[in-house]
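So the structure is just underneath, and the comments pick up after that.
Numbering of ligands and ligand atoms starts at 1, following listing order.
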Amino acid sequence: MRRFAVIAAALTLPLLAAPQAAAAGPSSGGAAARADTTAALERGGTAAAGERSGAASLADVIPAPVEVRPDARATFRITPFTVVQARPEHRAIGEVLARDLRRATGYLLPVVPVAPLRLPRIALATESGHGAEGYRLTVDRTGATIRASRPAGLFAGVQTVLQVTDGRRVPGGSIVDRPRFAYRGAMLDLARHFHTPDEVKRYIDEISRFKINHLHLHLSDDQGWRIEIKSWPRLTEVSGGPGTGVDGVGPGFLTQRQYRDLVRYAAGRFVTIVPEIDMPGHVNAAQVAYPELTCDGVAPPPRTDTAVGYSSLCISSETTYRFVEDVLRELAAITPGPYLHIGGDEAHATTDEDYLTFQARVLPLVAKYGKKAYGWHDIARSPAAKDAVAQFWGTTTTDADVAARVAEGMKVVMSPANKAYLDMKYDPNTPLGLSWAGYIEVQTAYEWDPGSYLTGVPESAVLGVEAPLWSETLRDLDDIEFMAFPRLAAIAELGWSPAATHDWASFRTRLGAYGPKWTSRGVDFYPSPQIDWA
Ligand code: NGO
């Protein structure tokens, strides 16, 4: 009975459901694809229109896979009868695949636990030996199979299939793939301009397509405080209110409930949220809300400019540590991921001695709440940082403090500002962004090696890469997309792909071929003149 129902669904519903499904999707390509395919079916032929639209080869993947063996004779055609086969525990991952394919084709593409008989299928399966995020993809004329040891690997394989398919065929051959680095991150700055939960979710959708697996949220700064802390409610009541943010365009903050929802949403795309509360500098917004966090007890004026380095928590006051501990405890309780980012950058208003005193108390506090301390690489000044993770954001290739701590065990995430900062302008004409670390065109973002970039930081000490996007000049999702894409794809490749595959000519070609995918989803990417866009 059940089997019959599945077959019936697969055989009949696609044709009936196609028009609504295609019309409902945001992509205008869906309707066109359906019209082409319907015409092909009406002619009695099986040739998919995709063949005429120059569908991708199996090697057209960003980030480049470890090993690709294309087989031109083994193309799999997606038809109205195709099903996605996934065991119940992998159903949500199967749906990620099916959702995009439905949008492109208008077909029903049911997700079923067992594909009946000889129905063409894209299958998700378990297989040992692929590690935490690796997978194997095989495609022949009868179907495609993604095999992985862990769900994250299946999700990664799904993203690969979605890149190589035009919705009508999956190029034949096989891929074996796994990441070079465990940490591949992006960062949004909600403090300078608040970005809504929906905008953050759309960003998660887009970054996870490139196998980015961490999203760092910069939640507090001089201009605004963007996460509800129940024991210190004025933080968001005052500093998440109207007029907060650069140029006073606030308001906005995440309630803990919204934050948890974001964490859940991200987890569904195998992205871990990394929350940051910046301290002991970048705290003006906290001090506006709670003057007792200053040494003289006087509230500073709210700030809506972009200056940095002028604020500091009062290092000699116990109130400071009560505040910090409350914040870390509440954040740890709503963050299932392993990291709490405590900032630590540009504490120019904190003396060296005070900075060390502060870090000696605060870095260990993170561990007290079961989390790994993570901070900008300025924390390497403190001996207590040896057990932490430092995010390198400098513009040099040597840093004595970082090298010394690494020798003691500290790990590093690489975000050199002159390579990986997505808020740097592409060139002098870019309407958005800053340029203090230089201009970063796509090739500049791509051509460096995280594993050998910093003196005294061997690849074994590099946890991965992250592309921060600061929001001094950004307002909405279009602004975010324009600065992030296409450069985020370059950073993603540096984080995932083996150094041996690194090749600008190849990346440039694959990126050019990717353009129509962004266009069809309405992603406002920067059409860099360095790329021949398809
Ligand atoms: C710096 C600074 C931030 C700015 C950003 C702008 C770090 C770690 N601290 O990066 O406050 O927003 O540059 O590019």
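At a cut-off of 3.5 Å, with distance as the only test, a side-chain donor of Thr244 or Arg226 sits close to an acceptor on the other residue.
Looking at Trp376 next to ligand 1, no N or O pair under 3.5 Å apart turns up. Polar contact with ligand 1: absent for Asp221 (N/O pair, distance under 3.5 Å). The shortest N/O to N/O separation between Trp393 and ligand 1 does not fall below 3.5 Å. Considering both main-chain and side-chain atoms, Glu472 comes within under 3.5 Å of ligand 1 through a nitrogen or oxygen pair.
Ranking the protein heavy atoms by distance from atom 2 (C) of ligand 1 puts Glu346 OE1, 3.1 Å first. Given atom 14 (O) of ligand 1, the protein heavy atom at minimum distance is Asp423 OD2, 2.6 Å. Scanning the protein for heavy atoms near atom 11 (O) of ligand 1, the closest one is Arg192 NH2, 2.9 Å.
In this structure, Trp470 and Tyr421 have tilted ring planes: the angle between them lies in the 30° to 60° band. In this pair, Tyr453 and Trp448 present their aromatic rings perpendicular. The plane angle is above 60°, beyond the 30 to 60° band. Under the 30°/60° scheme for interplanar angles, the aromatic rings of Tyr374 and Tyr183 are found to stand perpendicular. Taking the six-membered ring where tryptophan is involved, the planes of Trp376 and His216 are tilted, since the angle between them lies from 30° to 60°. The aromatic rings of Phe485 and Trp518 are tilted relative to each other, their planes meeting at an angle between 30° and 60°.
Within ligand 1, counting atoms from 1 as listed, the ones closer than 4.0 Å to a heavy atom of Asp345 are 2 (C), 7 (C), 8 (C), 9 (N). Close approach of ligand 1 to Met424 (heavy-atom distance below 4.0 Å) involves ligand atoms 14 (O). Atoms of ligand 1 found under 4.0 Å from any heavy atom of Leu434, numbered from 1 in the order shown, are 6 (C), 14 (O). Applying the 4.0 Å criterion to heavy atoms of His282 picks out, from ligand 1, the atoms 11 (O).
Checked against the 6.0 Å centroid threshold, Tyr514 and Phe210 count as a close aromatic pair.
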